[in-house]
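What follows is a single structure, written as structure tokens, with notes after it.
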Amino acid sequence: VLSPPVNVAAYMNPTKEMLDKGKSLYDMNCASCHGAEGKGDGVAGVSLNPKPRNFHDLNGWTNGTSLTMMYKTLHEGITNRGMASYANLPPEDRLNMIMYIRTFAQYPPITQIQLDSIDSQYSLTKGVKQPNQIPVKMAKDKILQEYSAIEARLVKMNEAISASNDSGAVMFKNISKDRFRSLNLLVSDTSWINNKARFVNIIENGAVNHSFKTKALYTLNENKINVLYNYLRNLYLNTR
């Protein structure tokens, strides 16, 4: 199955609509680490070493600042620097994010060679291959099975937190608006298990949908984030 093709050539001169979409995606996926203004000063960045990239400074980038290399970074991530892959996002979303990030500084000009290189490597104008579909009934059955397993885990984790006076458990109770809903965010997206930055990103986004208390999150310093992360990670891994 192929995803919808992307008009790669249009990114030679990005439109306001592309930039607006890119800003929305940036705010949702990047601002917690890189900061609302791209200065590398997001709340999640407090606990990271090395610190998140300052998009206003074009020096010392691991993969470089060209459009080609920025797309590579979003597609593959940079695991040894805590930068998650965003290959789960549609190619068009990744390009829109890059277009918005480029507004923070005077980035190298976009060239036709770069666009052709991205298109050739990732087959964007032809559509990106996605996993094969399965029959609807089978899909429904699998979803029900997965949901049952998730629900059972949520109940066990909630019970463990309720009964615990561990500092991590107490901290989680203090920052959560709706404990079951908060846990659901973490159980449904396990990309945080080995990525602390992703963990912080998830709980900060959870403040948007009222699963976590925004003011309480701002009381978390690096040490508290480490305690909370290690507690929830161990709880998840030891709950079956």
Side-chain angles (χ1 to χ4, degrees), residues 26-55 57 60-63 73-74 76-89 150 153-240:
Y26 176 90
D27 290 343
M28 184 179 300
N29 295 283
C30 313
S32 60
C33 285
H34 294 281
E37 298 179 358
K39 295 180 179 179
D41 57 357
V43 176
V46 172
S47 63
L48 295 182
N49 184 21
K51 296 298 182 184
R53 172 64 56 199
N54 177 353
F55 292 128
D57 183 356
W61 286 47
T62 302
N63 288 335
T73 298
L74 285 185
E76 299 177 3
I78 308 176
T79 55
N80 65 339
R81 296 185 65 87
M83 171 65 190
S85 164
Y86 285 92
N88 59 306
L89 292 178
I150 289 174
R153 194 170 214 148
L154 284 172
V155 170
K156 290 180 181 179
M157 290 179 71
N158 188 43
E159 290 175 347
I161 291 172
S162 298
S164 176
N165 291 320
D166 184 283
S167 57
V170 172
M171 206 178 301
F172 185 80
K173 294 172 190 176
N174 289 336
I175 68 172
S176 176
K177 273 190 176 181
D178 180 329
R179 201 181 308 160
F180 204 80
R181 193 170 179 178
S182 300
L183 286 170
N184 188 49
L185 285 177
L186 298 172
V187 173
S188 299
D189 179 0
T190 57
S191 61
W192 61 275
I193 293 296
N194 294 309
N195 189 323
K196 187 169 61 177
R198 179 60 182 155
F199 167 74
V200 177
N201 182 264
I202 288 173
I203 63 173
E204 287 192 334
N205 287 339
V208 177
N209 64 22
H210 308 297
S211 297
F212 290 97
K213 302 172 185 175
T214 304
K215 289 185 179 180
L217 292 181
Y218 280 100
T219 67
L220 300 180
N221 56 29
E222 183 174 1
N223 182 59
K224 289 181 178 179
I225 289 173
N226 287 335
V227 171
L228 181 63
Y229 173 73
N230 289 327
Y231 171 77
L232 291 172
R233 183 178 185 276
N234 290 332
L235 179 62
Y236 177 87
L237 293 175
N238 293 312
T239 303
R240 295 288 187 272

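Numbering of residues begins at 1 and proceeds along the displayed sequence. The basis for the numbers below is simple: all heavy atoms, side chains too, and nothing from hydrogens, waters or symmetry mates.
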ask   = Ignoring hydrogens and geometry, is there a side-chain-to-backbone donor-acceptor pair from His34 to Lys39 under 3.5 Å?
value = no
ask   = Any side-chain heavy atom of Phe199 sitting closer than 4.5 Å to one from Ser191?
value = no
request  = Identify whether NZ of Lys or CZ of Arg in Arg153 sits under 6.0 Å from the centre of the six-membered ring of Tyr236 and within 45° of that ring's axis.
outcome  = yes
message = Tell me whether Arg198 is salt-bridged to Asp189, with the criterion being a basic N under 4.0 Å from an acidic carboxylate O.
response = yes
key: CZ-CG distance between Arg233 and Leu228, expressed to the nearest 0.5 angstrom   = 13.5 Å
task = Measure the shortest side-chain to side-chain distance between Asn63 and Glu76 over non-hydrogen atoms and say whether it is less than 4.5 angstrom.
result = no
request  = Check whether any side-chain heavy atom of Met83 sits under 4.5 Å from a side-chain heavy atom of Leu74, and report yes or no.
outcome  = yes
message = Please verify the inter-ring angle class for Phe55 with Trp61; under 30° counts as parallel, over 60° as perpendicular, anything in between as tilted.
response = tilted
key: Minimum-distance pair of heavy atoms, taken over all atoms of Tyr231 and Ala169   = OH-CB, 3.4 Å
message = Checking the side chain of Ser182 only, and the main-chain atoms of Ser211 only, is there a donor and an acceptor separated by less than 3.5 Å?
response = yes
request  = Let me see the working for Arg181 and Ser176 under side chain to side chain donor-acceptor pair (under 3.5 Å), right down to the final yes or no.
outcome  = CA-CA 9 Å; Arg181 193 170 179 178; Ser176 176; over 6 Å; no
Expected output: side-chain Tyr229 to main-chain Ile193 donor-acceptor under 3.5 Å = yes
Reported NZ-to-CG distance for the pair Lys213 and Asn174, which is rounded to 0.5 angstrom = 6.5 Å
inquiry  = With heavy-atom distances below 4.5 Å as the criterion, would you say the side chains of Arg53 and Cys33 are in contact?
reply    = no
task = Before giving the answer on side chain to side chain contact (heavy atoms under 4.5 Å, CB included), spell out for Arg179 and Ser162 the whole-Å C-alpha distance, their side-chain angles and the decisive distance to 0.1 Å.
result = CA-CA 10 Å; Arg179 201 181 308 160; Ser162 298; 2.6 Å; yes
note = The reported gap from OG1 in Thr62 to CD1 in Ile78 (rounded to nearest 0.5 angstrom) is 4.5 Å
Asn238 side chain vs Asn234 backbone, donor-acceptor pair below 3.5 Å = yes
ask   = Would a distance-only check, ignoring hydrogens and angles, find a side-chain to backbone donor-acceptor pair under 3.5 Å from Asn165 to Val170?
value = no
remark   = Rounding to 0.5 Å, atoms OG1 (Thr219) and CE (Met171) come to a distance of 8.5 Å
Backbone of Asn29 reached by a side-chain donor or acceptor of Tyr86 within 3.5 Å = yes
ask   = Roughly how far, to the nearest 0.5 Å, is NZ of Lys156 from CG of Leu183?
value = 14.0 Å
request  = With the side chain counted from C-beta on, respond yes when Asn205 and Phe212 share a heavy-atom pair under 4.5 Å apart, and no when they do not.
outcome  = no
query = Got Ile161 and Leu235 here, is their nearest side-chain heavy-atom distance under 4.5 Å?
reply = yes
query = Counting only N and O atoms by type, is there a donor-acceptor contact under 3.5 Å from the side chain of Asn158 to the main-chain atoms of Leu154?
reply = no
ask   = Got a second to check how far Asn195's CG is from Asn201's CG, nearest 0.5 Å?
value = 9.0 Å
query = Would you say the side-chain atoms of Trp192 pair up with the backbone N or O of Ile202, donor to acceptor, closer than 3.5 Å?
reply = no
task = For residues Ser85 and Ala87, report the shortest heavy-atom separation together with the two atoms involved.
result = OG-N, 3.1 Å
